[in-house]
Amino acid sequence: MKFGFADLLIAAFFCIASLDATTSNECRFSQSIDVPAPGLVRVNVPPETLNAARPDLADVRVTDSAGREVLYLIYRPMPRRESALRSQELITALEPTATRITLTTGTTSMLKGVTFETPPGLEFIKAVMVEGSHDGATWLQLATDKPIFRMADGAANPSVSFSEGVWESLRLTIDDSRTPAVPFTGVLLEVAETNAPAEPLLLTLKTRDESFGVTRLSLDLGAMNLTVASLGIETTDPLFVRPVTIAVPELANDNIRERTVCTGSVYRVDFNGKVESQVEIPIDRQILGRELIVLIDNGDSPPLVIDAVHGSRRVTNLLFFAPEASRYQLLSGNSQCAAPRYDLSELDDQLKNAGATEGRAGPLIANADYKQPDNLAALPLTGAKIDVAAWKFRKPIQLSKRGAQQIELDPDVLVRTARDQRDLRIVVEDQQLPFLIERPSISRALPLASARADDPKKPRLSRWSLKLPQAGIPITRITCAADSALFQREMRLWEEATDNRGDRFPRELGHAAWKKVPGETTRDFAIHLDVAPRGDTLFLETDNGDNPAIKLHDFRGHYPVTWVIFKTPSDSTQPIWIYYGNPGAASPRYDVALIADQLLRAERTPATLGRQENMHSKSERIIQTLSGSSLYIFLGVLGVVVIGLLVLVSRLLPRTQ
């Protein structure tokens with residue numbers, strides 16, 4: 001193999017420093033790299049290596065056949081992000097059925113599209129034709145019937161793409177034959193991005209949940225620390241427009257929240273008999289965990305039929321110089337080591353662009369001699385001892401296997417625990433188990449028993465009474481269906497509450513404006529609650545005016561999902577309980593940092609809750625089941641009985657002289 005001057009310079013630089021031998025048993029995993037000839041070697045780091053290593057790959061090492069450490073360089077080719085330029089000159093002309101915008105680009109950069117600027121809040125959907133010219137006289141068609149739109153639900157696509165090229169002038173024709181012209185305030189030129197390699201990413205759809213108007217997909221990426229390039233949705237729905245949010249679970253304030261990574265829109269629309277489709281969402285972010293969450297906003301439309309979800313990832317390259325043909329080792333999996341300090345900055349650009357032999361990392365092999373300096377997994381994941389005498393309720397946690405667990409709190413627990421779940425405890429014997437709380441963007445529906453509760457004194461008023469399964473369920477939304485074909489009503493939701501003096505008053509919970517016109521797609525109507533209800537009976541009413549009463553049915557209450565995430569002890573066979581119902585308890589303070597990484601990224605097993613047990617006396621149970629006027633009546637009767645007993649006892653006592 002012959003080396004040029006640049007190759008010899010690179011080889012000399014790699015061999016300047018004499019590195020100490022790396023102790024292989026400090027790394028948890030190894031992979032072999034067979035190099036057939038000396039020279040520069042480029043390895044596409046596979047997902048299993050990224051999953052085993054730290055996110056910044058600071059624990060990765062390369063060694064030769066003698067165990068000597070070899071210098072290497074890691075780089076992640078990323079596309080140069082698109083930039084936007086203002087045109088040099090812009091002329092707008094309004095024609096009878098079109099708006100024509102002619103602009104002078106004033107740039108020699110490669111252009112790939114334009115983005116229209118409009119006043120905020122403006123809703124529209126238009127078809128656009130784009131033409132390009134080098135002399136302002138001869139025009140070449142670049143795109144035709146491309147959709148631009150902005151919807152009330154947030155879905156938007158103000159951009160039109162076309163083949164990359166350098167153009168002195170662009171002519172944009174917006175079709176106004178169907179809808180009024182749109183006042184465009186400007187046009188941005190999109191400079192073409194520099195491409196970067198990507199390869200298919202195998203995704204697994206773990207769960208699909210349908211909340212009111214939102215489809216939530218939980219995707220398993222198969223490995224951690226991947227740089228996800230894009231995500232695509234495969235659907236057979238013929239026409240649709242949907243806003244999409246990509247999120248990841250993230251630890252915040254000792255709880256797991258969903259953090260938005262990016263937003264976009266997917267659509268398939270028909271313009272003049274031509275169907276335009278966009279179902280890819282660009283991401284280009286490193287995802288530290290394995291889970292990616294996709295939120296599809298359906299609005300008042302039915303959920304999409306999703307056949308599959310596909311993705312792609314950016315490659316991560318590792319470059320090293322092999323002085324001889326041999327078998328090299330790629331080591332990874334040391335959470336404690338410091339990052340290597342190789343001074344390769346001077347050759348950074350040369351190395352990335354230099355010719356190199358493509359190497360391949362073999363299977364990931366666990367090191368039997370691995371000595372972990374500080375194994376967090378070996379720490380006992382238990383908290384302090386606890387006296388559960390002050391807790392009123394508990395439920396057994398039923399496990400299918402050991403390891404990381406996920407419990408969804410049911411209405412029994414949500415009703416009797418604090419709103420922020422500060423009184424929850426996971427207990428095995430008398431020992432606490434640390435846990436995290438996750439509140440995903442999912443809600444559950446409960447059927448509500450309904451009945452007409454009209455007031456004879458107010459004939460124009462329609463009122464329904466809605467019965468919750470139990471008092472205090474933290475519902476945030478009431479939905480129902482309507483049989484009436486045409487109506488417009490102001491809806492009011494309230495409950496009957498009691499003040500400190502025992503007087504009753506209507507406590508307002510929420511307002512909504514409902515409207516339905518003939519031919520509209522059948523949908524549910526919703527009213528959002530501003531405050532959570534206290535009792536088990538709610539009232540929904542509306543003033544019909546001089547119109548016929550509307551007909552509503554199929555009432556449902558929706559409450560947000562709360563998950564509790566914890567890890568079971570591997571050496572315990574004792575039953576595990578969840579305790580709740582202690583108003584005086586403060587929020588637990590565990591060393592969450594010790595368990596967060598394991599619980600957040602581990603594959604969780606869904607656990608279930610058993611039957612509720614009341615830990616207090618029978619009289620206390622009676623009091624706990626009462627609320628509102630029933631509680632005051634019970635306490636009043638109890639007071640009368642006590643007074644009567646005291647009077648009886650006083651008469652039985654001997655009288656003093």
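Throughout, numbering of the chain's residues begins at 1 and tracks the sequence.
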Got a salt bridge between K112 and E164, using NZ or NE/NH1/NH2 to carboxylate O under 4.0 Å? no

Using the salt bridge (Lys or Arg N to Asp or Glu O under 4.0 Å) rule, take R242 and D297 through it: C-alpha gap first, then chi angles, then the decisive distance, then the call. CA-CA 6 Å; R242 297 288 192 278; D297 188 350; over 6 Å; no

Using the side chain to side chain donor-acceptor pair (under 3.5 Å) criterion, which residues pair with D56? Sequence neighbours excluded. none

Is R444 salt-bridged to D209, cutoff N-O under 4.0 Å? yes

Y590 vs F435 aromatic rings, parallel, tilted or perpendicular, using cut-offs 30° and 60°? perpendicular

Is D220 salt-bridged to R290, cutoff N-O under 4.0 Å? yes

Do the charged groups of R208 and E210 touch, with an N to O distance under 4.0 Å? yes

Would you tell me whether S218 and E291 have side-chain atoms, one donor and one acceptor, within less than 3.5 Å of each other? yes

Apply side chain to side chain contact (heavy atoms under 4.5 Å, CB included) to V279 and list each qualifying residue two or more places apart in sequence or on a separate chain. F240, R268, S277

Begin with the C-alpha distance, continue with both residues' side-chain angles, and end with the deciding distance and a verdict on salt bridge (Lys or Arg N to Asp or Glu O under 4.0 Å) for R42 and E358. CA-CA 5 Å; R42 178 185 291 108; E358 296 296 330; 3.2 Å; yes

All salt bridge (charged side-chain N to carboxylate O under 4.0 Å, His left out) counterparts of K395, not counting sequence neighbours: D410, D412

Flag for S159-E190: side-chain donor and acceptor within less than 3.5 Å: yes

Above 12 or not: heavy atoms from other molecules or residues under 6.0 Å from CZ of R439? yes

